[in-house]
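Protein chains get the first letters and strands the later ones, always in sequence-line order, with residue 1 at the start of each. These numbers come from the heavy atoms of this one structure, side chains and all, not from hydrogens, waters or symmetry mates.
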Amino acid sequence: DAGITQSPRHKVTETGTPVTLRCHQTENHRYMYWYRQDPGHGLRLIHYSYGVKDTDKGEVSDGYSVSRSKTEDFLLTLESATSSQTSVYFCAISATGTGGNYGYTFGSGTRLTVV
Amino acid sequence: GESVGLHLPTLSVQEGDNSIINCAYSNSASDYFIWYKQESGKGPQFIIDIRSNMDKRQGQRVTVLLNKTVKHLSLQIAATQPGDSAVYFCAETQGGSEKLVFGKGTKLTVNP
């Protein structure tokens with residue numbers, strides 16, 4: 001998607017290993033979000049950021065940490081991956097945060113498999 | 001539980017027919033609603049939005065209707081095409097929140 005890139009697109013990792021997913025934006029938007037998407041659950045918010053070094057938890061934050069050292073990058077870390085964290089992870093960006101004016105722009109997703 | 005949900009998880013229509021996807025919300029303070037389309041292997045994409053001071057908004061082949069009395073939102077797609085096959089999500093913001101709340105999604109299948 002224009003202005004937002006997620007990496008890697010696919011990853012397979014072993015249980016207990018740390019994993020970091022990266023979200024990069026070129027829109028200079030203030031707000032960045034990490035969601036996971038699982039069948040039957042839709043999109044669930046993990047963490048979000050409302051500015052450099054300003055982050056907050058979402059509804060499913062256990063087992064995840066985030067960092068935002070500069071406006072364009074938002075990192076999601078699984079400290080010790082578990083099979084329950086197998087999912088598709090989406091990053092989203094927003095200028096306003098409230099969803100106004102077209103809401104969020106989503107990345108293409110990262111498919112993570114924990115074996 | 002989630003404050004935003006959908007009445008039907010799947011919808012199958014014939015090409016050329018009109019499609020209606022429904023969504024219910026529970027928070028009367030919600031003031032902004034968005035419909036997203038997600039194609040297989042892609043992230044959700046914005047389709048159309050509506051604010052709580054409106055009842056209806058039209059886009060290209062899509063119309064969103066908002067009924068605040070019964071807290072109901074619908075997405076109408078006219079002359080549905082095979083390219084409309086996707087999962088559709090509604091989402092809401094709760095007055096001043098920095099976050100959107102998403103419904104679980106409805107999968108639309110368009111049969112040729």
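By the criterion of side-chain heavy atoms lying less than 4.5 angstrom apart, applied directly or through intervening Ile, Leu, Val, Met, Phe, Trp or Tyr residues, B:Met54 is grouped together with B:Ile48 in one hydrophobic cluster. Note: the hydrophobic cluster containing A:Leu78 does not contain A:Leu75 (ILVMFWY, side chain heavy atoms under 4.5 Å, direct or indirect links).
A donor-acceptor pair under 3.5 Å is absent between the side-chain atoms of A:Tyr33 and the main chain of B:Leu100, judged by distance alone.
Minimum interatomic distance between A:Gly42 and B:Phe89 (heavy atoms only, all atoms of both residues): CA-CE2, 4.2 Å. Residues B:Gln38 and A:Gln37 come closest through the heavy atom pair OE1-NE2, 2.8 Å. Closest heavy-atom contact between B:Tyr36 and A:Tyr104: OH-N, 2.9 Å.
Sorted by first and then second residue, the salt bridge (charged side-chain N to carboxylate O under 4.0 Å, His left out) pairs with a member in residues 3-22 of chain A read A:Arg22-A:Asp73; sequence neighbours excluded.
Heavy atoms of A:Gln6 lying under 4.5 Å from chain B are absent altogether.
Between the CD atom in B:Gln45 and the OG1 atom in A:Thr105 there is a gap of 9.5 Å [rounded to 0.5 Å].
In terms of the side chain to side chain contact (heavy atoms under 4.5 Å, CB included) criterion, residue partners of B:Thr63 (sequence neighbours excluded) are, by chain and number, B:Lys56, B:Gln58, B:Leu65, B:Gln76.
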